[in-house]
4 protein chains.
Amino acid sequence: MNEPFQEQVAHLRRTQILTAAVTVFAARGFHRATIRDVAKAAGVADGTIYNYFPNKAALLLGILDPHNESEGRSDPAPPPPDAVDADAREFFRHLFRLRWSLLAGDKLSVLRVVLSEVLVNPELRTLYVERVIAPTFALAAPHLERLIAAGRLRPLDVPLTLRTMTATFLGLVTLRFMGDQHLQDQWDDVPELLTTLLLDGMLPRGSAAPSGEGDSHGTV
Amino acid sequence: MNEPFQEQVAHLRRTQILTAAVTVFAARGFHRATIRDVAKAAGVADGTIYNYFPNKAALLLGILDPHNESEGRSDPAPPPPDAVDADAREFFRHLFRLRWSLLAGDKLSVLRVVLSEVLVNPELRTLYVERVIAPTFALAAPHLERLIAAGRLRPLDVPLTLRTMTATFLGLVTLRFMGDQHLQDQWDDVPELLTTLLLDGMLPRGSAAPSGEGDSHGTV
Amino acid sequence: MNEPFQEQVAHLRRTQILTAAVTVFAARGFHRATIRDVAKAAGVADGTIYNYFPNKAALLLGILDPHNESEGRSDPAPPPPDAVDADAREFFRHLFRLRWSLLAGDKLSVLRVVLSEVLVNPELRTLYVERVIAPTFALAAPHLERLIAAGRLRPLDVPLTLRTMTATFLGLVTLRFMGDQHLQDQWDDVPELLTTLLLDGMLPRGSAAPSGEGDSHGTV
Amino acid sequence: MNEPFQEQVAHLRRTQILTAAVTVFAARGFHRATIRDVAKAAGVADGTIYNYFPNKAALLLGILDPHNESEGRSDPAPPPPDAVDADAREFFRHLFRLRWSLLAGDKLSVLRVVLSEVLVNPELRTLYVERVIAPTFALAAPHLERLIAAGRLRPLDVPLTLRTMTATFLGLVTLRFMGDQHLQDQWDDVPELLTTLLLDGMLPRGSAAPSGEGDSHGTV
DNA sequence: AATGAATGAGGCTTCATTCAT
DNA sequence: GATGAATGAAGCCTCATTCAT
C-alpha cells in the first residue's frame, strides 16, 4: 500500500533525472556531458543518479525507453487516417507531417545525440533499433502493403521502400544538424515536398514509366 | 633535391598514421580510441603522431581532407553522363551507382565515425560541410537545373530536392550502420530502387499529378 | 548546524593539502614536485587535490594566501613600539627582529619556492606583490614618515628607502638560500647588524656628512 | 694547425647557442623554454645543442660561466678607484655605479632566470656561488678591509657587511623583477641613494652614535 | 659535426564510480 | 534513499633526449 507510493516517487526521480539528462546531453553532447552536469541539472547529488541508473550509458538508453516518457504523451498520437480508403497522398501527407511534428525542440536535440552515439555504440544501437526503428517499420509496413494491395501504390519492395523513407527522414535531420541553411529556412515545407516527391517522382507528369511501355498507363 | 624526398617520407608517415587512425576509429569509435591505439596501429610512438597532427581531433579532420587520400585516386571519377540529352533516368542511375560505389569498405567505416562526430562536434561539422556536403551540392545542382530547364524533370525546388536526395543517401548509410539486415542484403539493389522511386514516385503509373488537376484523379 | 561542520572539514582538508604542498615544494621545488607527490604527502588521492584547487599553480597561490594559515596566528603580531617617542634605533631593532623571527623553518622554505616562482611567473608575481610586498610597504611607510617628521631620521626618499630595506631582507634570505655559510652561522646577529648599518652607516662616527662640509660635524 | 680552427668554430657554435639560450630563457623562463626554442633561436637543429651541452641544465650553467662570455668583455672593467687614498664615498659610488651598469638589458633578464633557478636547483646554486658570488666577495673584501684599516670605515664585520651589500643589490633587482614601479622609475638614482644610505645611515647627521657614548668615537 | 624525426616517460587533469555518513 | 567527497584509472599531450642518416 505504501510501496506504490514509494514506487511512484522513484519513478518521478527517474524521470527527473532523465529529463535533466536529455537537456544536458542535448546541450553538450553525450561525451562532453558529465554526470555532474546531469546531477546539477536534475537538482540531485551525483551519487543519486547511480541509485537509478547503473552507469552513464544507461541514461542514454533510458532516454530511448518510451517507458520513461516524461509525460504520458499519447504516443499513438493522432493516428494517420488509417485509410486505404483515403487518398494515398493524404495518407503520406499526414504521416510525414506527424513525424515531422514529433521532431520538435528537445526531441530534435536528443535525436542528434542519440544518432551520434548509435552510430558508434553497439549496445545503444541494438536498443535503438529495437525500440524505435523496428516499431516504426512494423507500424508502417501494413499500411504500405494495404495501399499496394489496393492498387493505390505501385508494387514496391515494401521493406526497402520503408527503409528509404525512414532514411530520408534521418538524413534530412542529419543535414539540418549540420547547419544547412536551406533546410532550416524551409523546414516546415519539407513534409509537403516529401509527399510530392515520393508519390509523384521527379519526372514531369505524363513521362515515360520506368521500363517505359507506351500504353501501360494510358489505360488507368 | 633532397627535400622532395624528405617531404615524401613525411607524407608517407602522415598517410600511415591516418590510415591507422581510420582503422582504429572505425573499430572503436573516435572517443573510445586512444592515441596509443592509433600509434600502435601505425607502428609509431605516441609522440610521433604529434609531429604530424596537433591533436587527436586533427586526425579526424585529416581523414576528411581529400588531400590525404591514401592513393592518388583520380577523384574526378567517371563523370556522370553529363547529359541533358541523355535520359534523365540514365543520368540518375549513373549518379546513384557512382555514389554508391564510392561507399566501399573503408570509406563506409570512416563515414560512420565521421557522421557520429560531425553530429556533435561543431568544428568537424563545419569542415565536413565545406569539404564534402557543399561540393556535392555545387556539383549536382547545375545538372538538376539543366534537366529541369530541358523539361526532363518537373520544376523542382532544386536546393531542397538535392538535400532530400543527399539525405536519403546519408540516411540509408545510417540505417545500414544500425545493422539493418534488409539493407545489408540488398545493398547493391539500392541505386536502382532509388532511381525508380525518385523518378517515378510511388504512385501507380498514370496516377494523379501532385495537386491534382480536374479529371486526372476524379476516378480514384 | 551541519554545514559549519562540513565547512570545517573542508577547511581542514584544504589546509592538509596546502601543508603537504609546502613540504613537497620546499623539498623539491615547484616544478620538480608532482601533484602525486603532494597527494601522497597529504595522504589523499591525486584527484582529491582538484576538489580543493583548480590546478597545480593554485597550490602555490594558496600558500601565499594568509587566509590559509595553518594556525590562526595572531597576524597583527606584536606591533612594533609604535613610537616616534621611542628611540628610532629601538624601533628598527624591533622591526628587524620581528621580521626575522617570522622567517622561521617552514616559512623560510616556502619563501624559497615562492621567490623562485615569483621571479618567473607573472600571475604569482602579481599576487605576491598584492599580498605581501604592498602591505608591507603600506604598513611601514607611515612609521618612516613620522620618524622623519619628528626629525629622528634624515629626510629620506621614503618609498625608495623602504624598497631598499625590503630588498636587503629579500637579498639576505636569498643569499642564505644559496648556502652562504657566514649567514647561516650568524643568522641571528643579522637584525642587530642591520640596525646599526642602516642607522649609522658605514662611515666612522663623526665622519663627513653626505655633502661633507668641513664643520658640520665638528660640533659632534 | 687545423685543430685550432676547428676549436674556434666549436667555440663560436657554443657561444651562438648560449646567446640564443640567454634570449630564450630571458623571454620565457627556464622551464617554459624548450630546447627547440633555443635551437630555433640559435638557428641550429635540436640535436646540435647536444653536441655542445650534455643537457638542458648545462645551458644554464654555461650562461654563468664567464668563459663563455659572448664578447671578450673587458671583465675586469674599469676597476674602481682602488683607493684607500680616495674618498671612501667615492669608492662606493663607483662600485655601485659599476655594478648597476652591468645590470643592463639582457643581463638583467638572465639574472631573473638564474636567480629563479638558483633558488631551487642545488647544482646551479653551487656553480653560481662559485662563479659569481664568491668571486665578488673575494674581490671586494680586501677593499673593505683596507678602508677599515685606514680608518675610513667603521670597524665592520667584513663578511657580513659584504653579504648585506650584495643582498641589497640582489633584493633591489628582485623587487624590480616583481614589477615595482618606484624602482623602475628611479632605477638610475639607486646607486647614489645606496651610497648615501650605507655610508651615512638614516639618522640625521650629528645624531647619537650606536650605543652613543659621548667620547667613544672622538678617538677614531 | 649537423640534422630533425622518433621516442616514450611522465605530467596534469578529468570524471565515472564508490561509499561512509 | 540521498549526499558529495574521495578515489584512481586513464587520457592527452609535452618535450628532453637519442640516433640513423
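A, B, ... follow the sequence lines: proteins, then strands. Residue 1 opens every chain.
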**Message:** For C/Y50, give me all partners under side-chain contact (heavy atoms from CB on, under 4.5 Å), at least two apart in sequence or on another chain.
**Reply:** C/I35
**Request:** Look at all strands and tell whether C/I35 reaches a base, only sugar-phosphate, or nothing, counting heavy atoms closer than 4.0 Å.
**Result:** base
**Prompt:** Checking C/K56 side chain against C/A33 main chain: does a donor-acceptor pair fall under 3.5 Å?
**Reply:** yes
**Message:** What is the distance, to the nearest angstrom, from the CD atom on B/E7 to the C1' atom on E/dG4?
**Reply:** 15 Å
**Complete:** A/N55 meets the side-chain contact (heavy atoms from CB on, under 4.5 Å) criterion, sequence neighbours left out, with A/A57, A/A58
**Message:** Under 3.5 Å for both pairing distances: what stems, at least three Watson-Crick or G-U pairs long, include DNA chain E?
**Reply:** E:2-21 with F:2-21
**Request:** On DNA chain F, check which nucleotide each of B/N55 and D/K56 is closest to and give me the residue with the more 5' one.
**Result:** B/N55
**Asked** Whole-Å distance between F/dG1 P and A/F53 CZ?
**Response** 13 Å
**Request:** Evaluate the side-chain proximity of A/R131 to A/L61: yes if any heavy-atom separation is below 4.5 Å, no if none is.
**Result:** no
Polar atoms only, N or O, under 3.5 Å: list the protein pairs with nucleotides 7-9 of chain F and their distances.
{"unit_1": "F/dT7", "atom_1": "OP2", "unit_2": "C/A45", "atom_2": "N", "d": "2.9"}
{"unit_1": "F/dT7", "atom_1": "OP2", "unit_2": "C/T48", "atom_2": "OG1", "d": "2.6"}
{"unit_1": "F/dG8", "atom_1": "N7", "unit_2": "C/G47", "atom_2": "N", "d": "3.4"}

**Message:** Counting only side-chain heavy atoms from C-beta out, which of E/dT17, F/dT18, E/dT14 sits nearest to A/Y50?
**Reply:** E/dT17
**Prompt:** Does a side-chain heavy-atom distance below 4.5 Å link A/R32 with B/N121?
**Reply:** yes
**Message:** Rounding to an integer number of Å, can you tell me how far C/R14 CZ sits from F/dA6 C1'?
**Reply:** 17 Å
**Message:** Does anything in residues 20-28 of chain D come within less than 4.0 Å of DNA chain F? Heavy atoms only, and list the residues if so.
**Reply:** none
**Asked** Are any non-hydrogen side-chain atoms of B/V120 and A/H31 less than 4.5 angstrom apart?
**Response** no
**Message:** How long is the straight-line distance from CD1 of A/I49 back to CZ of A/R13, given to the nearest 0.5 Å?
**Reply:** 11.0 Å
**Request:** Answer yes or no: does a side-chain N or O of C/Y52 lie under 4.0 Å from OP1 or OP2 of F/dA6?
**Result:** yes
**Asked** Rounding to a whole Å, what distance do you find between D/L12:CG and E/dA1:C1'?
**Response** 15 Å
**Request:** With rounding to the nearest 0.5 Å, note down the distance linking CZ in A/F30 to CG in A/L124.
**Result:** 8.0 Å
Which pairs of donor and acceptor atoms, one on a side chain in residues 109-118 of chain D, lie under 3.5 Å apart (sequence neighbours left out)?
{"unit_1": "D/S109", "atom_1": "OG", "unit_2": "D/G105", "atom_2": "O", "d": "3.4"}
{"unit_1": "D/R112", "atom_1": "NH1", "unit_2": "C/L119", "atom_2": "O", "d": "3.0"}
{"unit_1": "D/S116", "atom_1": "OG", "unit_2": "C/S116", "atom_2": "O", "d": "2.6"}
{"unit_1": "D/S116", "atom_1": "OG", "unit_2": "C/S116", "atom_2": "OG", "d": "3.4"}

**Message:** Determine whether a donor-acceptor pair (N or O, by modelled atom type, separation under 3.5 Å) exists between the side chain of A/T48 and the backbone of A/V44.
**Reply:** no
**Request:** Using a 4.0 Å heavy-atom cut-off across all strands, classify C/A33 as base, sugar-phosphate, or nothing.
**Result:** sugar-phosphate
**Request:** First locate atom CG of C/L18, then atom CD of C/Q16, and finally report the distance between them rounded to the nearest 0.5 Å.
**Result:** 10.0 Å
